[in-house]
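Notes to accompany the following structure.
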Number of protein chains: 2
Amino acid sequence: MASNAVMEETLQILKDHKLRVTPQRHIILAYLVSHHNHPTVEIIRDALGKELPNMGASTIYNTLNTFVDHHLVVELQNGDGSTHYDYFGTPHYHAICTNCGRIVDVTYPGFSDTEKNLEQKTAEISGYMISGNHMEVYGLCPECQIKLGIKNNE
Amino acid sequence: MASNAVMEETLQILKDHKLRVTPQRHIILAYLVSHHNHPTVEIIRDALGKELPNMGASTIYNTLNTFVDHHLVVELQNGDGSTHYDYFGTPHYHAICTNCGRIVDVTYPGFSDTEKNLEQKTAEISGYMISGNHMEVYGLCPECQIKLGIKNNE
DNA sequence: GATTACATTGGAATGGTTCTTACTTATTAA
DNA sequence: TTAATAAGTAAGAACCATTCCAATGTAATC
């Protein structure tokens, strides 16, 4: 269960975005804010099953799609066939393991400038009116490097 | 139908990657190399139906997945529910219209440095052994800006 | 508290992708 | 050139994540 602080925070987020506050939306958002596990719908359902046993899968899909529309959440694919979701409170991007699918959040000082620069260049070249971006970096996570017996020659 | 030059080029690509040369692979790769329309499996099937009428959908999926594994092709999602494919001969990224799904290739001088920098930073921070990346920028394409009556205030 | 527009449920339907089996073929070596 | 075999293809069934639908429930407004 999410802390009271998180519940208050997420309540405010919903209100700020003029989203009707339902228990389902509230608890799903609180889960996403307080976890960084990039869950699938199934994982969310299992995790929240005790608090809202009757929550339908379509509700979770609807809710997450709403959050995505409001740019609260981003969708991620790691190759396992289902969509993963990530609360997007602060700018970051993702490193995805090509072997096990593990997703980690990454950011660094100056990332925001890199992003802005990419968007500006894109606008100039393509004529698109930019609204956002996604960056992903692929590779082997540290665990899989060991598991596969790979030596980083550096 | 792809030109002879493209057919020769793609034949060499297949050989370079030690892929068994079949008519299906050859013609699909030639189609991707000579088109920049980011096709779906269905589009490829329709386009090549005259040349190989009996080509099964699973063959196209298998072939494209093989190309993806060999980093010849990248997969793209534009929100229409099916996967789009793009021959990745030269480094570039994609701008995707959030309204109509149109995908355009983008690159600019210095993009390669941006990419390398992102990968290096990611390796340092996450410990991943990096093998690649995908960048996407979202926005409204020029057509949709007009269609939706949006003025770019600049 | 009544109204109304919106959200949730539960299950059916959808559809893109993968899987399976039998068949065919590209490659290699003799 | 031919035989052997490892690999690819065809066709369609199966899978399964996601969406759709109709009925019910509920949050927000006045």
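All values below were derived from every heavy atom in this structure, side-chain atoms included, with hydrogens, water molecules and symmetry-related copies excluded. Here is how names work: the chains are called A, B, and so on, in the same order as the sequence lines, proteins then strands, and each is numbered from 1.
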TODO: Would you mind telling me which of D/dA28, D/dT18, C/dG16 lies closest to the side-chain atoms of A/Val21?
DONE: D/dA28
Task: B/Phe67 ring center near B/His71 ring center (under 6.0 Å) - done: no
Open item on the list: Under 4.0 Å from OP1 or OP2 of D/dA6: is there any side-chain N or O of B/Arg20 that close?
Closed with: no
Open item on the list: What is the separation between atom CG on A/Asn54 and atom P on D/dT24, rounded to the nearest whole Å?
Closed with: 16 Å
Task: Side chains of B/Tyr93 and A/Asn133, donor plus acceptor under 3.5 Å - done: no
Open item on the list: Looking only at the side chains, is there a donor atom on one of B/Tyr108 and A/Thr122 sitting less than 3.5 Å from an acceptor on the other?
Closed with: no
- [ ] Specify the residues of residues 55-65 of chain A, ordered by number, for which at least one heavy atom lies under 4.0 angstrom from an atom of DNA chain D.
- [x] A/Ser58, A/Tyr61, A/Asn65
TODO: Nearest whole angstrom, please: distance from the C1' of C/dT25 to the NE2 of B/His26.
DONE: 17 Å
Task: Between C1' of C/dC6 and CG of A/Leu19, the distance in whole Å - done: 12 Å
TODO: Take the protein atom CG of A/Leu11 and the nucleotide atom C1' of D/dA27, then report the distance between them rounded to whole Å.
DONE: 13 Å
Task: Nearest-angstrom distance from the residue atom CZ of B/Arg45 to P of C/dT17 - done: 13 Å
Open item on the list: Please determine whether a side-chain nitrogen or oxygen atom of A/Thr83 lies at a distance below 4.0 Å from atom OP1 or OP2 of D/dT18.
Closed with: yes
TODO: Report the residue from B/Leu52, B/Leu32, B/Ile44 that forms a side-chain contact (heavy atoms from CB on, under 4.5 Å) with B/Ile27.
DONE: B/Leu52
Open item on the list: Strictly below 4.0 Å: does B/Gln24 bring a side-chain N or O up to OP1 or OP2 of C/dT25?
Closed with: no
- [ ] Return the orientation label for the A/Tyr138 and B/His134 ring planes: parallel under 30°, perpendicular over 60°, tilted otherwise.
- [x] perpendicular
Task: Separation of C/dT28 P from B/Lys18 NZ (nearest whole Å) - done: 10 Å
TODO: Please determine, by modelled atom types, if A/His38 and A/Asn78 share a side-chain donor-acceptor pair under 3.5 angstrom.
DONE: no
Open item on the list: Without decimals, in angstroms, what is the distance between A/Gln77 CD and D/dT18 P?
Closed with: 7 Å
Task: Any donor-acceptor N or O pair under 3.5 Å, side chains B/Asp86, B/His92 - done: yes
Open item on the list: Between P on C/dG16 and CG on A/Asp80, what's the gap in Å once rounded to a whole number?
Closed with: 20 Å
